[in-house]
A.B. asks: 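First the structure, then my questions, so here it is.
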Number of protein chains: 2
Amino acid sequence: MKRHVLIFGLVGGLLIATLQYTEYRFAIIEHSFELYSALVAVLFSAFGIWLGLRITRNREIIRETVVVREVLVPAEAPALEPFAPNTAHQQNLGITARELEILNLIARGFSNREIATQLFVSENTVKTHCARAFDKLGAARRTQAVQRGKELGLLP
Amino acid sequence: MKRHVLIFGLVGGLLIATLQYTEYRFAIIEHSFELYSALVAVLFSAFGIWLGLRITRNREIIRETVVVREVLVPAEAPALEPFAPNTAHQQNLGITARELEILNLIARGFSNREIATQLFVSENTVKTHCARAFDKLGAARRTQAVQRGKELGLLP
DNA sequence: GCTGTCGTCATCCTTTCGGATGATTTTACA
DNA sequence: TGTAAAATCATCCGAAAGGATGACGACAGC
């Protein structure tokens, strides 16, 4: 880590030295274009690094070992409900029942072929449903579709 | 590490060479100096930020705090907690922090390429992490990996 | 009868994923 | 300082997924 900074400093110094050298060769030409460019470059390099450091300052991943001691209280109810999808969202997105059914199977990790087998239809059909569902959800991938589906309460 | 310096040197050198070369071609155009300064500034800013990000990339603090948290299970409060992954399952499956990080991004619907961009690594690296994570989770697809991850409390 | 929606299936083509494997670099730790 | 684990990157190849498009039958509603 410190080495990075050191080497960076060295390179920076070298760069400046080079620039200073080249300045003499172009000093005649109106105010040495390179000098200014280099100055700007170095300054903004420093700025960029400072910014980069600032940005990532809060990027520390604090990993706590959490020992969760669960105290069970008898009231357990959510396990029983069979999950009711948000039909409002389903309706105004125009997602059909079949498409939702397939989305469910996607969310459960099945491939198109497996889904086709389970539903007794061809893989092409599954792909068509997928494409339509993805389009309606604005998703480009099945993982994205699942994510959107859960957000909208369409999937458990 | 050496690559950083190399790249820095190359970029710097190239930039200077370009400047020296193009100076003659654009010296006539008025305001070219400001344009150039801006260009250099932007380029080096970007580079500096990139370097800053790279340097501080793995700032991970493993704070081995053992928090004994008594949880009343059915009490419905999930909105506030920032989600702590089930480290027990993670450990005995041998899933690394990086792999979990990538699993998270997969669950959020990103493609490998998008993940690579976000994490400043190559797509190949992402794929490697994926493959390992899938293997450890016994998943064949990313959707399946996500499903398993949620089951095991590794993903929110 | 006509129309619109839905479900079904297909083909062609491109992109993305995933598996297998090997290598190098970084980091952590004894 | 040496070693083991993680992380990084690459290449090859096959499988899966996705986009675009066209088609056909069933069925409901007008």
Side-chain angles (χ1 to χ4, degrees), chain A residues 1-4 7 60-61 63 90-103 105-107 109-146 148, chain B residues 1-7 50 53-64 90-103 105-107 109-146 148:
Chain A
M1 179 53 190
K2 268 179 222 138
R3 281 209 319 271
H4 292 98
I7 293 176
E60 300 170 351
I61 304 168
R63 220 195 303 161
Q90 186 188 343
Q91 296 257 335
N92 66 28
L93 283 179
I95 297 178
T96 70
R98 196 58 157 172
E99 284 158 5
L100 190 56
E101 190 178 1
I102 281 172
L103 276 178
L105 295 173
I106 288 176
F110 294 109
S111 72
N112 286 344
R113 184 162 304 167
E114 289 167 345
I115 293 173
T117 304
Q118 283 186 42
L119 299 183
F120 301 101
V121 295
S122 87
E123 193 178 338
N124 286 312
T125 302
V126 175
K127 286 172 71 174
T128 305
H129 286 309
C130 281
R132 296 213 183 115
F134 294 173
D135 188 46
K136 289 168 184 173
L137 284 171
R141 281 165 286 287
R142 36 180 59 213
T143 46
Q144 210 172 10
V146 169
R148 291 279 302 136
Chain B
M1 182 49 221
K2 270 179 225 138
R3 282 211 316 275
H4 294 182
V5 183
L6 187 70
I7 292 175
W50 172 80
L53 287 174
R54 239 198 115 76
I55 287 175
T56 61
R57 192 173 12 143
N58 300 322
R59 237 203 280 167
E60 184 172 339
I61 295 179
I62 304 175
R63 198 186 297 169
E64 205 68 32
Q90 185 188 344
Q91 296 257 335
N92 66 26
L93 283 178
I95 295 178
T96 70
R98 195 59 156 172
E99 285 158 5
L100 191 56
E101 190 178 1
I102 280 170
L103 276 177
L105 294 174
I106 288 177
F110 294 109
S111 73
N112 286 344
R113 185 161 303 169
E114 289 168 343
I115 294 173
T117 303
Q118 282 187 42
L119 300 183
F120 300 100
V121 297
S122 86
E123 194 179 338
N124 286 312
T125 301
V126 175
K127 286 174 71 175
T128 305
H129 286 308
C130 282
R132 297 218 180 110
F134 294 172
D135 188 45
K136 289 168 185 173
L137 285 171
R141 281 165 287 287
R142 37 181 58 214
T143 45
Q144 210 172 9
V146 170
R148 292 278 301 136

A.B. asks: Please report, rounded to the nearest Å, how far the C1' atom of D:dT21 is from the CG atom of A:D135.
C.D. replies: 14 Å

A.B. asks: Could you state the interatomic distance from OG1 (B:T143) to CZ (A:R141), rounded to the nearest 0.5 Å?
C.D. replies: 13.0 Å

A.B. asks: Could you state the CD1-C1' distance from A:I102 to D:dA17, rounded to the nearest angstrom?
C.D. replies: 14 Å

A.B. asks: Can you check the A:R113 CZ to D:dA17 P distance for me, whole Å?
C.D. replies: 8 Å

A.B. asks: From the options C:dC9, D:dT8, D:dA17, select the nucleotide whose nearest atom is closest to the side chain of B:R98.
C.D. replies: D:dT8

A.B. asks: Does any part of the side chain of A:V126, heavy atoms only, come nearer than 4.5 Å to the side chain of A:L105, both counted from C-beta?
C.D. replies: no

A.B. asks: Given atom CZ of B:R141 and atom C1' of D:dA17, what is their separation to the nearest angstrom?
C.D. replies: 11 Å

A.B. asks: Need one value for A:T125: base, sugar-phosphate or nothing, where a base atom within 4.0 Å counts as base even if backbone is also close, heavy atoms only.
C.D. replies: base

A.B. asks: Is there a side-chain contact between B:T128 and the phosphate of D:dA7, meaning an N or O under 4.0 Å from OP1 or OP2?
C.D. replies: no

A.B. asks: When you measure from the side-chain N and O atoms of A:N124 to the phosphate of C:dC9, is any distance below 4.0 Å, counting only OP1 and OP2?
C.D. replies: no

A.B. asks: Counting N and O atoms only, with roles assigned by atom type, does the side chain of A:Q90 sit under 3.5 Å from a partner on the main chain of A:I95, one being a donor and the other an acceptor?
C.D. replies: yes

A.B. asks: Please report, rounded to the nearest Å, how far the C1' atom of D:dG18 is from the CG atom of A:N112.
C.D. replies: 9 Å

A.B. asks: So do B:R142 and B:F134 actually touch side chain to side chain, heavy atoms under 4.5 Å?
C.D. replies: yes

A.B. asks: Send over the distance from B:H129 NE2 to D:dC9 P, rounded to a whole Å.
C.D. replies: 8 Å

A.B. asks: Quick one: is C:dG18 close enough that its OP1 or OP2 comes under 4.0 Å of any side-chain N or O from B:R142?
C.D. replies: yes

A.B. asks: Check this one for me: any side-chain N or O of A:T96 less than 4.0 Å away from OP1 or OP2 of C:dT5?
C.D. replies: no

A.B. asks: Between atom CG of A:L119 and atom OG1 of A:T125, what is the distance when rounded to the nearest 0.5 Å?
C.D. replies: 10.0 Å

A.B. asks: When the distance from CG of B:L119 to P of D:dC9 is rounded to whole Å, what number comes out?
C.D. replies: 10 Å

A.B. asks: What is the distance, rounded to the nearest whole Å, between atom CZ of B:F134 and atom P of D:dA16?
C.D. replies: 15 Å

A.B. asks: Taking the nucleotide of DNA chain D with the closest heavy atom to each, which residue, A:S111 or A:R132, is nearer the 5' end?
C.D. replies: A:S111

